[in-house]
There are 2 protein chains.
Amino acid sequence: MNSENVTIYDIASDAGVSIATVSRVLRGESNVSEATRKKVQDVIDRRNYRPSSIARGMTTKTTHSLGIILPKLLNPHYAMIFTGAQEEARKSGYTMSLFPWSSLDTREYDPAAMLAERRLDGLIVCVEYLPPDHEEQVLSALRDLRQYMPVVLIGCVPPAYDFPAVANNNAAMMQEIVRYLTSLGHEKIAFIGGVEEDQDPLRRDVGYENGLRDARLPYIASYRVYCRGTAEDGGDALRKMLASLKEEYWPTAVIALNDLVAMGCMTAAREAGISVPEQLSVIGCDNLFCAPYLVPPLSSINTHQQRTGARAVQLLISGENKKETADWELVERASCARVKS
Amino acid sequence: MNSENVTIYDIASDAGVSIATVSRVLRGESNVSEATRKKVQDVIDRRNYRPSSIARGMTTKTTHSLGIILPKLLNPHYAMIFTGAQEEARKSGYTMSLFPWSSLDTREYDPAAMLAERRLDGLIVCVEYLPPDHEEQVLSALRDLRQYMPVVLIGCVPPAYDFPAVANNNAAMMQEIVRYLTSLGHEKIAFIGGVEEDQDPLRRDVGYENGLRDARLPYIASYRVYCRGTAEDGGDALRKMLASLKEEYWPTAVIALNDLVAMGCMTAAREAGISVPEQLSVIGCDNLFCAPYLVPPLSSINTHQQRTGARAVQLLISGENKKETADWELVERASCARVKS
DNA sequence: GTTTATAATGTAAGCGCTATCATGAGCGGC
DNA sequence: GCCGCTCATGATAGCGCTTACATTATAAAC
């Protein structure tokens with residue numbers, strides 16, 4: 001840019017000291033006399049000098065920058081994780097860069113190429129459900145990356161993964177939701193979302209099944225509808241389920257994979273003339289910012305995403321190889337009601 | 001990390017060539033014989049070598065990383081801008097890092113310190129409304145930064161700013177909204193949002209006033225309520241306005257600064273027993289993903305945030321010093337209705 | 001006043017690349 | 001068979017820092 005870049009040599013010669021001394025005041029070392037410190041600092045200020053973090057990184061082998069891989073930032077759930085991570089990173093002087101999930105897709109890139117060349121000081125990876133065929137590939141990409149930088153996982157992390165992680169206990173969350181709904185008298189409880197083929201023990205639908213079992217309710221295949229995690233898909237899924245069922249068999253409650261799916265369900269229900277929660281209780285997961293403003297306000301699970309993101313950064317920076325579970329709590333709003341007897 | 005970092009020297013000696021030759025095949029230069037290229041590439045693959053982008057940056061003076069400063073990622077509006085920018089950046093091999101707005105706040109940091117030291121190849125700054133006393137300070141921080149890297153502005157950019165920018169024409173948007181509402185027969189149109197003291201010609205409320213003038217409607221001070229841009233504030237603002245007015249003077253339409261504020265208004269209206277849109281039309285701005293799922297679905301202005309973010313990156317990379325205007329269009333949904341005569 | 005520890009500063013060797021310039025091999029043309 | 005080319009490759013000087021290590025100045029101890 002316009003101001004010719006001033007280097008440590010310029011400062012040194014201006015101040016009449018060696019570059020080592022400048023370096024010392026830059027890093028706030030103690031063994032510099034107060035007089036020279038001031039003299040050097042004055043020159044630094046006057047010339048508006050900023051040491052190049054990249055030259056610094058050359059010798060310190062550190063970039064003070066972290067990366068995070070998210071499925072999609074447009075889902076506020078991930079935006080919150082990112083925000084929590086970014087804020088925590090900044091506290092320690094780290095920068096946070098976003099990489100799309102496709103960075104791990106070897107069909108598109110050599111993941112390590114883009115990421116490893118950056119010499120990040122660490123990487124956070126938000127794991128959603130992975131189809132089994134894809135999973136092995138992602139896992140190997142992660143292991144590859146790990147040769148270059150510490151990696152911490154967030155989200156839906158199989159216990160078998162040997163990575164530090166802040167995992168959410170999807171099963172427990174869903175189980176609690178079922179318990180909550182049955183406590184309201186529901187017996188016909190549907191679950192919408194997820195992928196059919198999956199066997200992952202941490203999946204949300206496993207919690208659903210466990211919850212049914214706890215309540216001694218039968219698992220009814222028609223109440224289990226699969227869809228991807230968008231509002232549109234959620235609406236479609238509910239419509240399809242209702243269409244396939246005689247009205248007397250319609251569920252009285254729907255558990256949505258997440259709040260987006262729940263939003264789609266509520267809209268689909270309204271359009272079908274089904275009133276929420278009188279005829280159909282709906283509950284989501286993630287407690288997005290808009291949940292309280294839906295009609296009726298959507299019950300959900302607060303998963304403390306910002307805290308989760310921040311915690312992941314702490315693990316990354318501290319280097320602890322721990323697996324933690326993110327805490328969560330059910331947030332009751334008006335979208336779930338006692339079933340009419 | 002565990003794999004001792006292999007450098008260009010290792011590759012060179014393994015392949016029995018000089019580091020210059022390795023560098024040539026790394027950068028795909030043409031003047032390398034096919035035989036040595038293959039020989040070198042094989043070693044690179046075998047040793048799983050990734051050139052350090054930071055060492056490279058040392059001599060090329062380029063980091064292939066861009067930064068973006070946003071007020072807050074939690075507002076999906078900004079998440080979309082970020083996403084658009086990030087995707088476009090990646091297409092050109094750039095990385096995108098997030099910096100919070102506070103990075104420009106000299107009361108907290110020396111903005112240039114954190115940002116300039118990173119030697120970013122460019123910076124995007126999303127400008128919201130700035131209180132006049134703060135504005136001068138931010139502007140000077142931006143000018144300071146500009147000595148180190150190109151800067152492109154997005155959003156609410158005063159024409160006087162000498163920065164390349166993708167500005168949105170808030171005034172025109174609001175003016176169109178007023179036109180739309182008057183075309184539905186509304187005469188009592190309120191505007192909620194913004195900051196009272198501001199004089200900025202690009203402010204959304206200026207468009208509101210112009211729109212009223214176009215429609216030969218009086219500007220009524222009680223219909224002009226200020227609040228920050230959150231849903232909660234929006235609800236409070238509407239409540240306060242209604243409380244201050246006799247029912248016969250209640251507005252028949254409310255223009256909200258953005259969709260968050262609109263959400264708050266709709267909820268406040270519902271709680272007050274006012275039906276939207278029969279008794280009160282509501283319209284927002286930004287067309288957030290949840291707008292279609294509100295009750296009633298919220299009319300809004302689509303500001304094509306992703307496109308805007310992408311365009312800003314293009315300006316940054318190409319170095320054009322252009323000021324562009326983001327395009328937009330009104331999205332009609334059910335939250336606005338013809339006023340009952 | 002000489003010796004020694006101690007604090008303050010300087011010297012110089014990297015860090016892992018890129019880029020410039022030099023060198024050498026191969027080759028057609030006279 | 002020598003000249004001048006071109007093309008492939010090597011040698012090397014940075015880039016702007018940090019960091020041993022060396023050196024000098026200062027003070028404390030004898």
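Every chain is numbered from 1, with letters handed out A, B, ... down the list of sequences.
Here the nucleotide nearest the side chain of A:Thr60, chosen from D:dC17, D:dG10, D:dT19, is D:dT19. The side chain of A:Arg24 has D:dA20 as its nearest neighbour among C:dT20, C:dC17, D:dA20.
The residue among B:Ile54 and B:Arg27 whose nearest nucleotide of DNA chain C is located toward the 5' end is B:Ile54. Positionally, the nearest nucleotide of DNA chain C for A:Thr36 lies more toward the 5' end than for the other of B:Ser23 and A:Thr36. Heavy-atom nearest nucleotides on DNA chain D were determined for B:Met58 and for B:Thr21, and the one closer to the 5' end corresponds to B:Thr21.
One interatomic measurement links the two molecules: CG of B:Asn31 to C1' of D:dT6, which rounds to 11 Å at whole-angstrom precision. Rounding to whole angstrom units, CZ of residue B:Arg119 and C1' of D:dG16 are separated by 9 Å. If you take CD1 of A:Ile8 and P of C:dT11, they are 14 Å apart, rounded to a whole angstrom. Between B:Ile11 atom CD1 and C:dC17 atom C1' the separation is 13 Å, expressed in whole Å. When rounded to the nearest whole Å, the span between CZ of B:Arg56 and C1' of D:dG16 equals 18 Å. C:dC15 atom C1' lies 5 Å from atom NZ of A:Lys61, rounded to whole Å. When rounded to the nearest whole Å, the span between CD of A:Glu29 and C1' of D:dA20 equals 12 Å. Separating the CD1 atom of B:Ile19 from the P atom of C:dG14 is a distance of 14 Å, rounded to the nearest angstrom.
Heavy atoms of other residues, nucleotides or ligands lying less than 6.0 angstrom from CZ of A:Arg37 number more than 12.
At D:dG10, one or more side-chain N or O atoms of B:Ser18 fall inside 4.0 Å of OP1 or OP2 (strictly under the cut-off). In this model, the phosphate group of D:dC15 is not approached by any side-chain N or O of B:Thr59 to a distance below 4.0 Å at OP1 or OP2. Contact check, A:Ser33 against C:dT9: a side-chain N or O comes under 4.0 Å of OP1 or OP2. Applying the 4.0 Å criterion to OP1 and OP2 of D:dG10, one finds that B:Tyr9 has every side-chain N and O outside that range.
Side-chain polar atoms of B:Asn48 and B:Arg50 form a donor-acceptor pair below 3.5 angstrom. At a cut-off of 3.5 Å, with distance as the only test, a side-chain donor of A:Arg27 or A:Ser23 sits close to an acceptor on the other residue. A donor-acceptor pair shorter than 3.5 Å cannot be found between the side chains of A:Thr303 and A:Asn168.
Between the side chain of B:Ser65 and the backbone N or O of B:Thr95 there is no donor-acceptor pair closer than 3.5 Å.
In this structure, A:Ser53 reaches neither bases nor backbone, as no heavy-atom distance under 4.0 Å exists between it and the strands shown.
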